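The chains referred to below are lettered A, B, ... by the order of the sequence lines, with proteins before strands, and numbering in each begins at 1. A quick note: this is a predicted structure, and the numbers were derived from the prediction, not measured.
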Amino acid sequence: MTEQLDASRGCDRTHRATIAGFIQPRAATMIRTRFAPSPTGVLHIGSVRTALFCWLYARRHGGQFILRIEDTDRERSTQASVDAILDGMAWLGLRPDEGPFYQTQRFDRYREVIEQWLAEGKAYRCYCTREELEQMRAEAMARGGKPRYDGRYRNGGEPRPGVEPVIRFKNPLDGQVVVDDAVRGTVVFDNAELDDLIIARSDGTPTYNFTVVVDDADMGITHVIRGDDHLNNTPRQINMLQALDAGVPRYAHLPMINGSDGTKLSKRHGAINVLDYREMGFLPEALLNYLVRLGWSHGDQEIFSLEEMIALFDLDEVNAAASSFNFEKLKWVNHQHVMAAEPARLAPLLAEQLRRQGLDPNDGPPLEYTVGALKERGQTLQEIAERGHCYYEEFEAYDEKSAHKHLRTEAAEALRALGEALAAVPDWTEQDTEAAVAGVAERLGLKMGKVAQPLRVALVGQAVSPGIGTTLVLVGRARALTRIERALNYIAAMG
RNA sequence: GCUCCCUUCGUCUAGCGGUUAGGACGCGGCCCUCUCAAGGCUGAAACACGAGUUCGAGUCUCGUAGGGAGCGCCA
């Protein structure tokens, strides 16, 4: 006798209706996804990708995205982690349509199901001690089998004094569970491989695999999109869903994201709080764009706006293989979004970075202008801010190589002429200042490079900056003239 | 150990039985040019291995190897 899934019932039916393109009342086809992090740490790249796919899938199909905080492990769950998750999601714009729901607020409901299952004989009390279980597992291993519970209390058993029992779910003993996964295809598990898992601890609190099932059923989740690491939990969950007499959602198990060296993502790789990416000057949509391409693609397209992601995303195109996080590519993607962004939007972000770097954003050119001039030249707002230092404060010393090459005695004449010409420019604009520089070059019979480069070093302390007219506007007339004087003095001193 | 999953350039990927195996990041070269970027052009760089199915396999099947996950009174 096999425990085959009844694919025509529950959520599966609504899914079929959807893919068949039937137009049904909204409520009947409403797709509901959920992101269910446990607040035992910050929101990192891997979780964000999962949240993104859930959110995208819901948005794409006009469905709802639900946030559920799985905080049943009271030892490890913290409010700080909850806040970090909420803040991270808010920054990314991944707004839930419902929630956050907290599992710790649903204990009564879990209790209710457990009592019911106990009464129906779908669950039972087990009085094994942790020591016994450990021994059981060790012995099973030694015999070459899976370390698992042998079901010794499955058919009843005497309570043991001093042992608070756990509650176990009576998993079917034989037959198979078929998971029809949107990413993996059909995956079959033998019930014989599964044991009777604990659904409530001896202190009465429910455990993960159980609460997930109750919540997914109660919340009407139609699509469970989650990390690959849960694929092995799926058959147990399906069995419990059936015990609940609930429909089975459509599953989609996403591949893992590894570090750049192919090993598990860790701090060293960027498994840091997503909010750290904001501090590093990344745009939320850029991070999302980079992440959406990890495991998903749409032909050769690399850059997606949020709207495009929503319009194009689908589970069918999700890759089954794990991928590696590549910081360089993230930066490139970010740069593409930065270049496409309106300076007005970027300006406050630049101000934030400048302040963080100890500068006064008001002591220099308008931020919109600065960001417009520098956004091609830095991949993150942080880099852009770094390149903008000399427009908001005096630079310390000349870059040695640049000064050696361009601030030589031969340049003094040009610099003096430049000082005079620039002092006389009526309108301090890119065009007019650049014309003044070109004019000096022509009068002295020098190539533009021979004039612009010394001037550039005089203005910013090094041989790299935006176009010379732009640089002059950035520096401003007063500072420009002062800095030309400074360069002249430097040349004189070097003799 | 057992079960499940995965495998195209260094990395992200396209490919859905017939391709000079395409694109992107990164790397090299050239162009543009007042420097640096941006942009354009261009080069090197991949189907893990072995059988089978087929007229034909990166694409289908099965093995092998390698990697990953699960096997908790964690989630």
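Taking side-chain N and O atoms only, T207(A) has no distance below 4.0 Å to OP1 or OP2 of rG72(B). In this model, the phosphate group of rA75(B) is not approached by any side-chain N or O of T211(A) to a distance below 4.0 Å at OP1 or OP2. Within the structure, a side-chain polar atom (N or O) of R137(A) is placed less than 4.0 Å from OP1 or OP2 of rG72(B). The side chain of N319(A) places no N or O atom within less than 4.0 Å of a non-bridging phosphate oxygen (OP1 or OP2) of rU7(B).
Between the C1' atom of rU11(B) and the CH2 atom of W332(A) lies a distance of 14 Å, rounded to the nearest Å.
If you find the closest nucleotide of RNA chain B to N232(A) and to S202(A), the one lying nearer the 5' end belongs to N232(A). Taking the nucleotide of RNA chain B with the nearest heavy atom to each of S297(A) and H230(A), the more 5' of the two is matched to S297(A).
Y208(A) and N233(A) share no donor-acceptor pair across their side chains, judged by distance under 3.5 Å alone. Judged purely by distance below 3.5 Å, without hydrogens or angles, the side chains of Y392(A) and T370(A) pair a donor atom with an acceptor atom.
Comparing rG43(B) with rA21(B), their P atoms sit 15 Å apart, to the nearest whole Å. Between rG10(B) and rC62(B), the distance separating the two C1' atoms is 31 Å to the nearest Å. Across the C1' atoms, rC31(B) and rA48(B) are found 40 Å apart, a figure rounded to whole Å. For the C1' atoms, the distance linking rC41(B) with rG58(B) amounts to 29 Å, nearest Å. The separation of rG50(B) from rA65(B), taken at their P atoms, amounts to 15 Å, rounded to a whole angstrom. Between rA44(B) and rG22(B), the two P atoms lie 11 Å apart (nearest whole Å). Comparing rC73(B) with rG67(B), their P atoms are spaced 29 Å from each other, to the whole Å. Taking the P atoms as reference points, rA38(B) lies 8 Å from rG26(B), given to the whole Å.
No donor-acceptor contact under 3.5 Å links the side chain of N233(A) to the base of rG70(B). Not a single donor-acceptor contact under 3.5 angstrom links the side-chain atoms of R148(A) to the base of rC71(B). Applying the 3.5 Å distance criterion, the base of rC5(B) shares no donor-acceptor pair with the side chain of R184(A). For E302(A) against rG23(B), a side-chain-to-base donor-acceptor contact under 3.5 Å is present.
Around NZ of K450(A), the count of heavy atoms belonging to other residues, nucleotides or ligands within 6.0 Å does not exceed 12.
Looking at E158(A) and R160(A), no side-chain N of the basic residue comes within less than 4.0 Å of a carboxylate O on the acidic one, giving no salt bridge.
Applying side chain to side chain contact (heavy atoms under 4.5 Å, CB included) to I221(A) and the options D215(A), I66(A), T33(A) leaves one that passes, I66(A).
Using a 4.0 Å heavy-atom distance criterion, C126(A) is classed as making no nucleic acid contact. When heavy atoms are screened at a 4.0 angstrom cut-off, G449(A) is found touching the sugar-phosphate backbone but no base atom. Nucleic acid contact class of Y290(A) (heavy atoms, under 4.0 Å, all strands): none. Among the heavy atoms of the strands, none lies under 4.0 Å from G378(A). Residue A320(A) is classed as a sugar-phosphate contact, given heavy-atom separations below 4.0 Å to backbone atoms only. Among the atoms of the strands shown, only primed sugar atoms or phosphate atoms (P, OP1, OP2) are found under 4.0 Å from some heavy atom of V187(A). Nucleic acid contact class of Q301(A) (heavy atoms, under 4.0 Å, all strands): none. Within the 4.0 angstrom heavy-atom criterion, only backbone atoms of the sugar-phosphate kind lie near L231(A); the bases stay farther away. As judged by a 4.0 angstrom heavy-atom cut-off over every strand, S465(A) is placed among the base-contacting residues.
A distance of 5.5 Å separates CG of L330(A) from CG of L287(A), quoted to the nearest 0.5 Å.
Relative to the side chain of E376(A), the nucleotides rA37(B), rC4(B), rU11(B) differ in distance, and rA37(B) lies closest. Of the candidates rC71(B), rU11(B), rA24(B), the closest approach to any side-chain atom of K146(A) belongs to rC71(B).
If you look at Y490(A) and Y398(A), their ring centroids are closer than 6.0 Å.
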